[in-house]
2 protein chains.
Amino acid sequence: MSVNSEEFRQLLKEKGLKLTTQRRMVLDVLQENEGQHLTAEEIHEIVRVRCPEIGLATVYRTIQLLHELKLIDKLNLDDGYIRYEIGKFNDDHHHHHHLICEVCGKVIEVEDDLMESIEERFLSKYNFAVTDHKVKFYGICKDCK
Amino acid sequence: MSVNSEEFRQLLKEKGLKLTTQRRMVLDVLQENEGQHLTAEEIHEIVRVRCPEIGLATVYRTIQLLHELKLIDKLNLDDGYIRYEIGKFNDDHHHHHHLICEVCGKVIEVEDDLMESIEERFLSKYNFAVTDHKVKFYGICKDCK
DNA sequence: ATTCCTGCAAAAACTTTGCACCATG
DNA sequence: CATGGTGCAAAGTTTTTGCAGGAAT
């Protein structure tokens, strides 16, 4: 499920990169906060508890790296921040979507593969081979009705 | 299809706002560039051809206003810009999705209502009433294969 | 040792705000 | 002529970059 230090070191090695305390800690924070949608600033604040000297720039650089390594997923909830979460699609493309309540702003995560039939249709209709998707549904959650 | 000056004036009046040359021109540009995904800066440059004295700040303010009036649609292609396009969902919720090619970056627009069955499912499964959605599919287009 | 990384501060990029003057209704 | 809008410039935010010192292999 989660990536241990040796696996991480190996992934970095393939790109000629090194495993540093800072990289390990940023990944740890993301892994420990699965299901959260954290901004760079939020990640920085959490990491700083254990590693007070870490700079925000390093967090930004690490986040980009983790995204390139496909360890984390980027998402945009239209609030002016880019948010990140640990990638759940490591285990065989099990995507999830976000239901965003327009009243309370709550974000509900949904695991669902219903999108697959649509993706097949795009292949036959437009000859476009979908490899990933990002879906946001806006609406009203059960508590706000 | 497109919003004329009187309709626009009426929409503004309901909010106690005035119809100005600048607002009319920004809306014109968006309407004339249907299918494009324009940034504030791009809109500014196009409007400036006809109205050289318009300021970028006015474009930003107008864009926000048009979005509140639901005349334009906001979209994010993860390139660091917020982009806008004339809303096609005026005519009875006929949404469209974006197919983004990971090789050439081309954005293909797709009109499709296949999402409806999924939305119905969210209602029964999560009691979440979807009112809107934003969908981006990433993949490889036919030209890049 | 060499190469890569980090922290800091400065810069960049995008967007918002304040204010005096101007335009609309 | 009252109210709201505009342009400009300044300030705000979020993110990126340059560089000298520090850490990893």
Side-chain angles (χ1 to χ4, degrees), chain A residues 5-29 37-69 72 74-84, chain B residues 5-29 37-69 72 74-84:
Chain A
S5 287
E6 277 320 308
E7 292 167 337
F8 192 19
R9 190 192 307 276
Q10 190 53 41
L11 280 171
L12 290 166
K13 197 172 184 177
E14 285 166 16
K15 295 208 160 198
L17 305 174
K18 293 168 181 173
L19 176 55
T20 64
T21 312
Q22 290 89 334
R23 285 177 179 166
R24 178 69 258 174
M25 287 195 161
V26 169
L27 179 55
D28 282 350
V29 164
H37 313 108
L38 302 172
T39 65
E41 199 99 30
E42 287 166 351
I43 294 167
H44 185 221
E45 254 155 52
I46 300 171
V47 175
R48 251 212 295 210
V49 174
R50 291 176 236 171
C51 183
E53 67 281 8
I54 194 172
L56 183 54
T58 300
V59 173
Y60 273 105
R61 287 184 284 231
T62 305
I63 279 168
Q64 283 185 338
L65 177 59
L66 294 175
H67 188 244
E68 279 163 27
L69 295 173
I72 62 175
K74 201 181 201 175
L75 85 141
N76 195 304
L77 301 179
D78 301 311
D79 61 352
Y81 296 87
I82 301 173
R83 295 171 175 279
Y84 296 88
Chain B
S5 287
E6 277 321 307
E7 293 166 337
F8 192 18
R9 190 192 307 276
Q10 190 53 40
L11 281 170
L12 291 165
K13 196 173 184 178
E14 285 165 17
K15 296 209 160 196
L17 304 174
K18 294 169 181 174
L19 176 54
T20 64
T21 311
Q22 290 89 334
R23 286 176 179 166
R24 178 70 257 176
M25 286 195 162
V26 169
L27 180 54
D28 282 350
V29 164
H37 313 107
L38 302 171
T39 65
E41 199 102 27
E42 287 166 349
I43 294 167
H44 185 221
E45 252 155 54
I46 300 171
V47 175
R48 238 193 324 192
V49 174
R50 290 178 236 171
C51 183
E53 67 281 9
I54 194 172
L56 182 55
T58 299
V59 173
Y60 273 106
R61 286 185 285 232
T62 305
I63 279 168
Q64 283 185 338
L65 177 59
L66 294 176
H67 187 244
E68 280 163 28
L69 295 174
I72 62 174
K74 204 181 198 174
L75 87 141
N76 196 304
L77 303 179
D78 301 311
D79 62 351
Y81 295 85
I82 303 174
R83 294 171 176 279
Y84 296 89

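Keep in mind that what you see is a predicted model, and the values were worked out from it rather than measured.
Residues meeting the side chain to side chain contact (heavy atoms under 4.5 Å, CB included) test with B:Thr20, sequence neighbours left out: B:Gln22, B:Arg23. Among residues two or more places apart in sequence or in another chain, the salt bridge (Lys or Arg N to Asp or Glu O under 4.0 Å) test is passed with A:Arg24 by A:Asp28. Residues passing the side chain to side chain contact (heavy atoms under 4.5 Å, CB included) test with A:Glu41 are A:Thr39, A:Glu45, A:Leu56, sequence neighbours excluded. The side chain to side chain contact (heavy atoms under 4.5 Å, CB included) test applied to A:Ile82 returns A:Lys74, A:Tyr84, not counting sequence neighbours. Contacts of B:Ile46 classified as side chain to side chain contact (heavy atoms under 4.5 Å, CB included), with partners at least two apart in sequence or in another chain: B:Val29, B:Asn33, B:Leu38. Qualifying ring-ring contact (aromatic ring centres under 6.0 Å, His included) partners for A:His44, counting only residues two or more places apart in sequence or in other chains: none.
Of all heavy-atom pairs between B:Ile72 and B:Ile63, the closest is CD1-O, 3.5 Å. When all heavy atoms of A:His37 and A:Glu42 are compared, the pair lying nearest together is O-OE1, 3.7 Å.
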Identify all pairs in which a protein N or O lies below 3.5 Å from an N or O of nucleotides 13-17 of chain C, and state each distance.
unit_1	atom_1	unit_2	atom_2	d
C:dC14	OP1	B:Tyr81	OH	2.4
C:dT15	OP2	B:Tyr60	OH	2.3
C:dT15	O5'	B:Tyr60	OH	3.3
C:dT16	OP1	B:Gln64	NE2	2.9
C:dT16	OP2	B:Gln64	NE2	3.3

Applying side chain to side chain contact (heavy atoms under 4.5 Å, CB included), run through B:Ile54 and B:Met25 and close with a yes or a no. CA-CA 10 Å; B:Ile54 194 172; B:Met25 286 195 162; 5.7 Å; no

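Each side-chain hydrogen bond (donor to acceptor under 3.5 Å, both in side chains) pair with one or both residues in residues 50-67 of chain A, not counting sequence neighbours, appears once here: A:Glu32-A:Arg50. Among pairs with a residue in residues 5-14 of chain B, those fulfilling salt bridge (charged side-chain N to carboxylate O under 4.0 Å, His left out) read B:Glu6-B:Arg9, at least two apart in sequence or across chains.
Along DNA chain D, read 5' to 3', the first and last nucleotides having any atom under 4.0 Å from a heavy atom of chain A are D:dT14 to D:dT25.
At its two ends the helix from C:dA1-D:dT25 to C:dG25-D:dC1 runs along axes set 40° apart, each axis drawn from five pairs and the angle rounded to 10°.
Between A:Asn76 and A:Arg83 there is no side-chain heavy-atom pair separated by less than 4.5 Å.
Of the residues in residues 9-22 of chain A, those with a non-hydrogen atom less than 4.0 angstrom from any atom of DNA chain C are A:Gly16, A:Leu17, A:Lys18, A:Thr20, A:Gln22.
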